[in-house]
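Single-structure report; data block below.
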Amino acid sequence: MNAITPHHFLVLAFLLFGVGFLGVVIRRNVLLVLMSLELMLNGINVALVAFSRAGANLDGSIFVFFIMTVAAAEVAVGLALLVALYKRRKSIFTEDMGLLGN
Amino acid sequence: MEAFVTFYSSNDWTAIGPEIALALAAMTILVMDLFGKDKFSGRTGLFAIAFQAVLLVAHLISYVSENSSNSYFSGMIEQSLQSDVMRSFFLLSSLLVSILAHRYLCKNRLASGEFHHLTMLATAGLMLLCQSSHFLMLFVALETVAICFYVLVAYNRNESKSLEAGIKYLLFGALSSSLLLLGIVLLYGVGANPEAWGASYPGYESMDPLAFQYLGNLMDENPDNLLLRAGVVLIIAGIAFKVGAAPFQIWVPDVYHGSPMPITAFLAVSSKAAGFFVLLNLVNGPFEGMAEFLLPLLGFVATFTIFFGNLAACAQRNLKRMLGLSGVAHAGYLLVAVMASMTDAFNGNDNDAVWVLFFYMFVYLFASFCVFGVMGLADLQDETEHEFSHYENLAQKHPWMGFVLVCGIASLAGIPPFAGFIAKLLLMTVAFEAKLYLSLTAMVIGVVISIYYYFGWIREVVFNPRPSFSDDEPVHDPWTKLSDIRLLKLVLIVFAVVSIVFGLWQGQIGNAF
Amino acid sequence: MNLDQILLLASIVVPALVSVLLFSGLIDKDEWAKQLAFLGLGFPCLAGIVLFINFDGATDGYSFEFLYEEMGLQELGITFHLGLNGVSSPLFAMAGIVGFAAGLAAIGSGAERIKLYLALLCFMQSGLMGLFASVDLFFYYLFHEFALIPTFIMIGLWGGRDRRSVALEITIYLTLGALVSLGGLVALNVMVDAEKFDFPTLSKALLEAGLLESTEAKIFGLLLLGLGILVALFPFHTWAARGYEAAPTSVSMLHAGVLKKFGLYGLVQIAVPLLPAGALEWSPWLMWLALGNVLFVGMVTIAQNNLKSMVGYGSVMHMGYCFLGIATISSLGSGSAVMLMVAHGLSVSLMFLLSTFIYRRSGTFEMNEMGGLAGKTPVLACFFVAASLATIGLPGFGNFWGEFGVFLSLGHNPEHRFFLGLAALGIIISAIFGLRAVARIFFGSPSESLSERESKTPIRDLELGEILPAGLILAALLFIGLWPRGISDRINTEIGPRYERVDYLGLSQFTPACCLVEPGGEDSNRTPPDEGGVPVVKPLSPPTDP
Amino acid sequence: METVAFSVLLLPLLSACVTLLFLRKQGNVAALLSVATAGGILAFSLFLIFAGEGETFAWEATWIRMSDWELRFGFLVDGSARLLLFVVSFVGFLIHVFSLGYMADDEAKARYFGGLSIFMFSMLGITLADNLIMIFVFWELVGFSSYLLIAHYYSTDEAAQASKKAFIVNRIGDFGFLIGIVLTYWAFDTVNLVEIENQLNNLFAWNQENPQSQILTPVTTALCLALACGFIGKSAQFPLHVWLPDAMAGPTPVSALIHAATMVAAGIFLLVRIEFLFTDHALSLIALLGAGMGLYAGFCALVQRDIKKILAYSTLSQLGYMAAAFGLGMPGLAMFHLMTHAFFKALMFLGSGSVIHACHHEQDIFNYGGLRKKMPITAYTFLVGVLAISGVCFLSGYFSKDAILLSAYNLNVPVFVLLYAGAILTSFYMFRLYFIAFEGESRSKYAKQAHENSSLMTAPLVVLAVLSVIGGYHAIFPDAIVGSVVPDLTEVAEMDNHLWMIVLGTFAWIVGLIGAKNLYGKVGNSDPLADKAPAFFALCRSKLFFDDVYDFYVRRIQDPFARFIEVMEMLFVSGLMVRGSAGVTGLFALLGKACYVGKIHAYAFWFIFGTLGFLAYAAGLFGK
Amino acid sequence: MSGPDLLFYLFAALSVGGGLLMVLSRHPVSAALFMIVSLVGVASLFVLLDAFFLAILQVLVYAGAVMVLFLFIIMLLDVGPEGAKASRMKFVSGVAGLISVGLLLVLLLDLGLGSMESSDCSADDCDSCGESAAFAWPEIRDETAANGSSLVFSPSVKAFGFGLLAKYMLPLQVAGFLLLAAMVGVIILSKKSKGEESGLNQ
């Protein structure tokens, strides 16, 4: 693997991050917004691992570990919130979350 | 493996005694709830209040003795006098949050144990956050705080508004933390292998690429590396979300609006203060080499924040939103102090700007809790909709509460003889010495604009109410049951008095500047 | 700590204590509250007069100094430092007198919630006394704010028409001015890195290491803008008339009479002597704006029908003279400005007081609906005629000396003579509106509204309780008018040494008119002629720096 | 010496204070007190006049000291001051006595006499002052006291308006005076008259000694004209004369004292005091002004019906004579005429006062008639006054007036022509007044039942009549009084064609007498001149539209302009500047509020744009 | 182009494509499945980078636990596809989102590659400018070692363990508390309590 440089991984990471961001921006289903956030984190993970590999340094990989933990926790809380809200509103679409505003 | 003994050796758990104590107490509370009969009795709350009070006193005693800067846990955290001050700050504010929350929870019949559990965990996280000198530690602590806050904001789950606020806070929190994370990762990438990214640092192999110190040196070496710059601005963006600085301030009013009153106060005081302290640490630590690159950016952000917050607050009728926006404006003022601390006028160990920042944050804490405390006493049909009209003539109905509220507002507005004035004066002085004339102008104009809404509120509280023409049905008076608040009333009055005394006489504290 | 220092300190502390007592609600009877307020407001008056008399006219610098270091913020050089000098002691006494008169008016007025009213008044009074008594610039500003905030509250609570909006507007406007001037003070503090933040230290530091002229100009500009807003300099004057029209009497008296002098006091005491180069930079602008005060606002005043707003606009107009005097950048101008400040403070507060008395009798402020009041109330008529003539600047009242000094100082610099010509028109303008008011209110035949009002309740002349405050102020005015030395000597002791540099700079701008020389040369201050026989220009005395 | 001066000055002030403070209710006591004061003043000032043995005496004490401007409170009693002092105290005393009778049944006696005392105080102040600023101070004070006294009958709108007008018009004059003083101070570095004179003399001496290096004098025509503005305002010269006729709304003795004898003459006194400052241009200008005034006022007086107004206009014309005399460089003549004029004009005013008093405040001369039989003393003394003013030979008026005419004839012919025409007019309208008022038969019931007044009022008339007969022989006065005017008089006496002038003068008053006799010998209730020459009558009636012009200015220009300025302020300063900025702020506030739509997507866009901005900054798209 | 390169491109395409489809697919279930695809792609990229342990974690935690949780919630709430309502707004926001995200990517790439250019041109041998194949991945030794304050990269799980328990002890504990907080939060948010009756009836 000598034609592939960290830059390729960086570009790939940016692409994943961007795609996730796109999802956050355009999807109106909160579930999918959460998934897109996960996708962004995955992009970051890719970059992190690539860097740690390129720098022969383990800290990055360990960081990935923590990121996964945090992501899982966030998702759990988010889904719980979502369910609680769904019980009241019977909807998980963002345009229905307009109680707070102005 | 002997290679790791160095790491073990620096794990000194006593260094983070208060945090550990908080965590253990948090779990104790859970256990109490587990075996308690009635979940809604305030036992846990009282326990939490008492414990935190004791802890605060103990910590105050402890840190006044030693103030040397030293790092533990193989560079994860680094303690200094400043971080100790911040720790006491967080302890104090969480104590107050617990006091406010006690009445709130009893009134709304919400489970009290978990609330205090999460509050204390969040506080512990904040305390670690402000000591962390390693990006991994910073990230983990930040996320701990964030997760606790997600839950706390949505804590009043009988209210859809509260839940919605929780969702919003969670989504944007996650978004901003992923931005922060991307920034960290970029820094890590350059740090782990500088040559690959156009940077250079001799002997980088033996350095921890996530430690503040190494990254600081790296940036000093090559301040105009594009990837480093990208990482730095992304990290700043992530923190700007925490402190509610434009253009990432947009979530503030909604979340403040929906969340329970004590948590609004907690967000307004602790989370913002934490963000500012982290920012301060970063721009004076790792990002020091990039000061002249960051200053214009921060200047723009500060100006934009001040104007946006004040102007948007002028048009608000809902007091919680208005306070949120005024908090945004205050974030702008504090950013000016942060900028001042970066300039050449203030490099060195005894950084006056930093102490001015601390003074301002403490004053802000006192004033905010005066205001939020009194607001929390009002019982409206809808907890979240505080209108100006609800405060009509409060000064005549309950002179003491009116006094406290006016003191708080005036201190926020920075009117002498209240402490807020001194804080703003110091801020102006510092900004002058740092030659930040543009931001200073913005600040002055912002303060003048802010007088509009603050004074409008005071007018409602103090001046005669306008004649109410709807006399067919009696308007609901939210100030009827203020009987069962002995302790709270006392605390609030003490705060009001404190914010007056600081305005008139700073004594030794003043000499710190 | 001798008696005088105690008096000085007490004149600030006593009203504050009284106001705290009244706030705390320990006093339940209104009568006691009134007597307490009488004490709390009478004491500063007494102290002011005593200190004014005790003030040694020979020594320059500060007397009765009182210093407390441990306020905190020593890093910024801020200390609690009281004292009086030649400029501040007349103003201090004036503040005491006007405050006492305002207090008497308030006690006499049947305002509801009188206790709170008196408490706020006492608070304001302590701020006013402190403002003129403080040597430290920070406390000079802080006391000003102490006096300012009760103003807002009292306007908001006891004000007249649309008091809520007026209170809001005046609050925002004045806060802007206060903040800008605070910025100027902070700039001064930062730029001149003196170890203390009071007048003597600053001036010493500036003498040793002066600032760049551009810096001086910037700081002076800030101070001028901020203080100008607070004194209602021409484009920023609109708050004044509205505020005074809406405010209750005592507040208008204290604010227009005393509190407004804060800005001019700052200019005379701080800005001009400390930053003469900057002042020189700005003096043309200031001249024009002050001219706007005199002429523009003067014309507006002529057009007024409401007595109170006429008085308000008139006070704004006369501020223009003070500004002109200051703008001449000369000791004569500034000294006369101080004199005018004292006299104007007395006369304008007297005008407000009397307009309220008139209101109590005629039930309106509209001058068209009054008329022929003199027949019913001769004493009131006498007072009002005296007050308005004092405002017009009739000799025998203090205002005359101030205005005349200002005109005199304007005549010195040939470039200022243009302004002299225009500004002197003001004496005609003020005569027009002053005498019009007298004629409309008191002369002529009684208006039908007045007579039908009298048919209900007989209109009585001033009672003793009303004559007392008015007479007090009038006596002070007459004292200044008949024996101006009593004040001018005290002013000289401070203005003389403090303005050496200023005069030097100001004189160096032009060659004064040549003054002729007797060959006998019997008077000494002129040098004898040289052989060429060209008349000797009066030499510019260069400042004698220590 | 200065104690005497002080007591002269402070005595009236004291009595005024006492009156206004304590005697407001007891009018009679106040009256007596004030008359006694006048007597005291007379005594003291006579002492002051004669004790000085003729040479000037000055005394000073510092009054105010502001940086290096020092004003000293000082007295300067020289010849002209003595003259005026004599006139003021003497005539003032007589008029006080007269007032006792005239104001006997006035309810506001105290105010009246208090005002008189204040007036005496300030008038004496002008007389004794030794520097310009002091003169200015008392100058304003006489204006104030005249304001008070004109407004004595304040309940009548006429009085209210007249008092206001008098004060304001005087203020206009003082405006110039003030500027003149300031310029003088900076030109000479002092305002003391003596010092200024010394400086000027030194200067001229210097210029004569070495003509090669001339020093140009700091005195300019502008300077002395500015100072002369004070004179123009105070002694009601063109164009500020409009206030004097209206000022007749006050009580008649006040008109006699203030608006005929003393205050208006103070303007002339001022000119005489600063005479050394004047340049030739200024002098000739003043001469022309005065002469023109003499003629113009005559025409105006020709058609008046109000007896006091007629006298007022004649006062104007006589003041014009004095101004002309001064302008001809004969200040002594001016002072001399001032004195004689004070006598006969006071006499006539008091006479008119007694007539008015007798006729229940009826002032229209066409409602009088035949008063000579009813009140002979008044009539004859009045006749003496008429003869004197119209310059009948060997009466007081003859000497002063013909001296002026003669000098004008020799020095400046156009001035002479104007003055001579004025003289003819003077005798004409004076005799007109006399014939209409005192001859013929009574034309109103008041006039029918009129009767002679008490001796309190007639005694001053007699005294003044005697004086206006013999007052012209300056030899009879002690040199201490008229010493200052003698040089000019002798100079005139040495001029030629006296005889010619006697003829002309006699011709003048005889023409006037005959014209008045056969025009007004027997009149009805209407002015025969109106039927004979209506156009001329209307023209004179209109007083050349001066009042209309002023009225037009006030109504149509000043007030609308003031209102316009007020609107400008409403619109721009308080509207556009204050409200405008507030409005803009509010607009932005609404804008900021509108950002909070509450939609997650909209908020997400804030995040993405923020990130874009930050990254763009990092990429250096914003410069750097 | 050798095999690993091909693999890289394959897996990259897999992950990005999966992500894109997830973002664009209308039905949540299919979106979740696409998400799993992209996650697996990422995992295999980890394998390419010799981070075997992380790859395992990725598959277990993400593809396993998290996505199953997602799917479970989707089933629980049986959310259908996003309705076509507010389609215009959706379209506008979609376009705006595309544009802005495109800009974001352009900026990020510009920053990343810009740094690369500066790197090559800052290097001494300018012949290597342009072609970035000059990068040599450091060879890895299968042993756990620490170099100074930094840990040496190694694919072995042992290194992870040491790193976590030695150097990152404190963060590990904190993460534990983080999970505790999350758990408590989830419970408090979703369990029925007596307090809820008061809230439900509105």
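Convention: sequence-line order gives letters A, B, ...; per-chain numbering from 1.
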CZ of A:Phe66 to CG of E:Leu164, rounded to nearest 0.5 Å, is 5.5 Å
Please tell me if the side chains of A:Asn45 and E:Tyr62 come closer than 4.5 Å, counting only heavy atoms from C-beta onward.
yes
If you count heavy-atom pairs under 4.5 Å between each of E:Ala51, E:Ala32, E:Ser154, E:Ser38 and chain A, which one has the most?
E:Ala32
Tell me whether the rings of A:Phe65 and E:Phe53 are parallel (<30°), tilted (30 to 60°) or perpendicular (>60°).
parallel
In terms of heavy-atom proximity below 4.5 Å to chain A, should E:Met67 be classed as side chain, backbone, both, or neither?
side chain
CG of A:Leu79 to OG of E:Ser190, rounded to nearest 0.5 Å, is 11.0 Å
Taken to the nearest 0.5 Å, the spacing of E:Ile99 CD1 from A:Leu22 CG works out to 11.5 Å
Just give me the residue among E:Gly163, E:Gly18, E:Gly102, E:Pro171 that pairs up with chain A most often, heavy atom to heavy atom, under 4.5 Å.
E:Pro171
Contact winner vs chain E - A:Pro6, A:Gly23, A:Ser36, heavy-atom pairs under 4.5 Å:
A:Pro6
Is it the backbone or the side chain of A:Glu74 that comes under 4.5 Å from a heavy atom of chain E, or both, or neither?
neither
Give, as side chain, backbone, both or neither, the part of A:Ile92 having an atom under 4.5 angstrom from any heavy atom of chain E.
side chain
Who wins among E:Leu7, E:Val95, E:Leu172 for the most heavy-atom pairs under 4.5 Å with chain A?
E:Leu172
So do E:Phe153 and A:Asn57 actually touch side chain to side chain, heavy atoms under 4.5 Å?
no
Separation between CG of E:Leu49 and CZ of A:Phe51, rounded to the nearest 0.5 Å
11.0 Å
Compare all side-chain heavy atoms of E:Lys167 with those of A:Asp59 and state whether any distance is below 4.5 angstrom.
yes
Quick check on the interface: out of A:Ala56, A:Ala76, A:Ser52, A:Ala72, who has the most heavy-atom pairs with chain E under 4.5 Å?
A:Ala56
Using non-hydrogen atoms and a 4.5 Å limit, figure out which bit of E:Leu179 sits close to chain A: side chain, backbone, both or neither.
side chain
On a heavy-atom basis, the closest approach of A:Ala80 and E:Val186 is CB-CG1, 3.9 Å
Can you tell if the side chain of E:Leu105 reaches within under 4.5 Å of the side chain of A:Phe21, non-hydrogen atoms only?
no
Can you tell me which of E:Pro155, E:Pro138, E:Ser150, E:Gly97 forms the most heavy-atom pairs within a distance under 4.5 Å of chain A?
E:Pro138
Sort E:Val101 into side chain, backbone, both or neither according to what part of it lies under 4.5 angstrom from a heavy atom of chain A.
side chain
Taking every heavy-atom pair that is under 4.5 Å apart, which of E:Leu39, E:Val42, E:Leu77 has the most such pairs with chain A?
E:Leu77
Bottom line for A:Tyr86: the part with an atom under 4.5 Å from chain E's heavy atoms is side chain
Assert top hit (heavy-atom pairs under 4.5 Å, partner chain A, pool E:Asp50, E:Leu104, E:Leu178, E:Val61) equals E:Asp50
Please classify the contact of E:Val66 with chain A as side chain, backbone, both or neither, using a heavy-atom distance under 4.5 Å.
side chain
Do the non-hydrogen side-chain atoms of E:Tyr9 and A:Ile4 ever get within less than 4.5 Å of each other?
yes
Would you compute the distance between atom CG of A:Leu32 and atom CD1 of E:Ile74 and round it to the nearest 0.5 angstrom?
7.0 Å
With a 4.5 Å cut-off on heavy-atom pairs, point out which of A:Ala73, A:Ala84, A:Ala54 contacts chain E the most.
A:Ala54
What part of A:Leu41 is in contact with chain E, defined as an atom under 4.5 angstrom from a non-hydrogen atom: side chain, backbone, both or neither?
side chain
How long is the straight-line distance from CG of A:Asn42 back to CE of E:Met35, given to the nearest 0.5 Å?
5.5 Å
Most contacts with chain E, counted as non-hydrogen pairs under 4.5 angstrom, among A:Val25, A:Val75, A:Val77, A:Ile62
A:Ile62
